[in-house]
S.K.: 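Please see the structure below; I have some questions.
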Number of protein chains: 2
Amino acid sequence: MNMFNMADKTFLTKRQLEVFVRRERGETLAEIARALGTTRSNVCAIERAARKNIERAYRTVRLVESLLYESVIIISPGTDLYDIPGLIYRRADELGIKVRMSGPMLLRFIVEQCAERLRNREVLREISVAIDSDGNVSIL
Amino acid sequence: MNMFNMADKTFLTKRQLEVFVRRERGETLAEIARALGTTRSNVCAIERAARKNIERAYRTVRLVESLLYESVIIISPGTDLYDIPGLIYRRADELGIKVRMSGPMLLRFIVEQCAERLRNREVLREISVAIDSDGNVSIL
DNA sequence: ATTTTGTTGAATGAATATGTTTAACATGGC
DNA sequence: GCCATGTTAAACATATTCATTCAACAAAAT
């Protein structure tokens with residue numbers, strides 16, 4: 001049991017919450033380390049973990065909302081990599097959304113995120129791309 | 001490595017996302033189990049885990065926003081009185097909050113509320129200023 | 001120049017999470 | 001009754017996270 005994170009309500013540990021709040025108040029790593037009886041580097045690590053979890057929570061919420069409220073584009077195996085930006089722009093146009101990425105940026109993004117689903121220019125496994133109403137593109 | 005959750009972006013594993021999306025589309029446990037090569041009860045468990053993670057992500061976001069949006073600014077001894085409005089505006093900007101007081105109004109407000117913590121232009125004892133999400137400023 | 005402050009990487013033990021199987025149970029439709 | 005559907009609990013192996021320490025480094029403040 002983790003007696004510190006009562007009830008699994010959030011993704012922040014009691015320790016992470018304590019450090020996060022104190023840091024937001026402007027306390028220094030050394031002050032917090034003294035108060036919690038540990039080291040600066042440990043407090044630093046805990047803060048890093050807290051912010052990572054917060055970022056992940058935001059991304060999770062955005063992902064779920066994009067699934068529930070926005071558009072998902074399914075890119076089938078066999079599609080040519082270079083056709084993907086066009087597919088995304090076309091769908092965005094249909095929805096009246098301006099994509100916040102240029103064509104080349106989109107290409108690089110896809111390659112980065114889906115390297116293992118591509119071979120040269122060919123899509124091997126289905127790729128699901130979400131566009132939210134702000135024009136943010138994400139891979140599901 | 002968890003080959004299922006590319007890149008630690010969210011709190012949903014690939015499996016959880018797949019099950020969640022299919023369920024949202026109305027697919028039945030048995031259908032999904034067949035498609036993923038496993039059992040109904042397993043799909044059920046995965047869906048439960050997915051929804052638990054989503055709920056936790058929402059709670060995390062709400063917790064963090066409640067911490068950030070009712071923000072407390074600590075003004076340390078030694079601060080120049082005339083720097084205080086700037087500190088408050090900067091923090092408000094970071095939070096995307098518009099302060100409902102002009103600079104001179106803020107100054108007069110501070111002087112009125114904290115006379116005994118000031119000597120001429122210098123802050124003698126720490127002052128805690130709160131801004132709420134409506135931009136209202138108060139001394140704690 | 002020294003101290004404070006924040007960061008990073010590696011390593012570690014303990015705690016949690018994940019996906020899985022199997023067996024059982026409840027409900028509603030036909 | 002029979003079947004499809006959804007749920008639950010126990011148990012398990014593997015994977016991941018958490019807090020921690022220690023050593024080292026860079027930047028900023030004193």
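Per chain, numbering begins at 1; letters A, B, ... match sequence-line order. All values reported here derive from a predicted model rather than from experimental measurement.
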S.K.: A/Gln16 has a side chain; which of C/dT5, C/dG19, D/dA19 sits nearest to it?
M.R.: D/dA19
S.K.: Backbone N or O of B/Val123 within a donor-acceptor pair of the B/Thr79 side chain at under 3.5 Å?
M.R.: no
S.K.: Is any NZ, NE, NH1 or NH2 atom of the basic residue among A/Arg51 and A/Glu24 found under 4.0 Å from an Asp or Glu carboxylate oxygen of the other?
M.R.: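 A salt bridge links A/Arg51 with A/Glu24.
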S.K.: Starting from P on D/dT20, measure out to CZ on A/Arg40 and report it in whole angstrom.
M.R.: 16 Å
S.K.: Specify the separation, in whole Å, of atom CG of A/Leu29 and atom P of D/dA27.
M.R.: 17 Å
S.K.: Measuring to OP1 and OP2 of D/dC18, would you say a side-chain N or O of A/Asn53 lies under 4.0 angstrom away?
M.R.: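 So the side-chain polar atoms of A/Asn53 do come within 4.0 Å of the phosphate oxygens OP1 or OP2 of D/dC18, strictly under.
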S.K.: Can you tell which of D/dA19, D/dT5, D/dT7 lies closest to the side chain of B/Ser41?
M.R.: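 Selected nucleotide (nearest to the side chain): D/dT7.
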S.K.: With nearest nucleotide decided by heavy atoms, which residue, B/Ala49 or B/Thr38, maps closer to the 5′ end of DNA chain C?
M.R.: B/Ala49
S.K.: Of the nucleotides C/dT21, C/dG6, C/dT8, which has the atom closest to the B/Thr39 side chain?
M.R.: C/dT21
S.K.: Do A/Leu87 and A/Val129 come within less than 4.5 Å of each other through their side chains, counting heavy atoms only?
M.R.: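 Heavy-atom side-chain distance check fails, nothing below 4.5 Å.
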S.K.: Do A/Ile46 and A/Leu17 share a hydrophobic cluster (ILVMFWY, side-chain heavy atoms under 4.5 Å, transitive)?
M.R.: no
S.K.: May I ask you to evaluate whether A/Thr13 reaches the phosphate of D/dA19, defined as a side-chain N or O under 4.0 Å from OP1 or OP2?
M.R.: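 For D/dA19, OP1 or OP2 has a side-chain N or O of A/Thr13 closer than 4.0 Å.
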S.K.: Quick one: is D/dG6 close enough that its OP1 or OP2 comes under 4.0 Å of any side-chain N or O from B/Arg23?
M.R.: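 So the side chain of B/Arg23 is within the cut-off, an N or O lying under 4.0 Å from OP1 or OP2 of D/dG6.
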S.K.: Using atom CD of A/Glu47 as one end and atom P of D/dT20 as the other, report the distance to the nearest whole Å.
M.R.: 15 Å
S.K.: Which part of the nucleic acid, if any, lies within reach of A/Ala45 when heavy atoms closer than 4.0 Å are counted: base, sugar-phosphate only, or nothing?
M.R.: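 Base, at least one base heavy atom under 4.0 Å.
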S.K.: So which nucleotide from D/dT5, D/dA19, C/dT7 ends up closest to the side chain of A/Cys44?
M.R.: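 Selected nucleotide: C/dT7.
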S.K.: Could you state the CG-P distance from B/Asn42 to D/dT8, rounded to the nearest angstrom?
M.R.: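 Whole-Å distance recorded here is 15 Å.
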S.K.: Give the rounded distance in Å between these two atoms: CZ of A/Arg15 and C1' of C/dA15.
M.R.: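 Rounded to whole Å, this separation is 15 Å.
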S.K.: Rounded to whole angstrom units, what separation is found between the CG atom of A/Leu17 and the P atom of D/dC18?
M.R.: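 To the nearest whole Å, that distance equals 14 Å.
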S.K.: Output the single nucleotide from C/dT21, D/dT5, D/dT17 whose closest atom is nearest the side chain of A/Arg56.
M.R.: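 In terms of side-chain proximity for A/Arg56, the closest of C/dT21, D/dT5, D/dT17 is D/dT17.
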S.K.: Roughly how many Å is it from CD1 in B/Ile46 to C1' in C/dT20, rounded to a whole number?
M.R.: 8 Å
S.K.: Expressed as a whole number of angstroms, how long is the span from A/Leu36:CG to D/dA19:P?
M.R.: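 For the pair A/Leu36 CG and D/dA19 P, the rounded distance is 11 Å.
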S.K.: So which of B/Glu47, B/Glu31, B/Glu27 actually passes salt bridge (charged side-chain N to carboxylate O under 4.0 Å, His left out) with B/Arg22?
M.R.: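 When salt bridge (charged side-chain N to carboxylate O under 4.0 Å, His left out) is applied between B/Arg22 and each of B/Glu47, B/Glu31, B/Glu27, only B/Glu27 qualifies.
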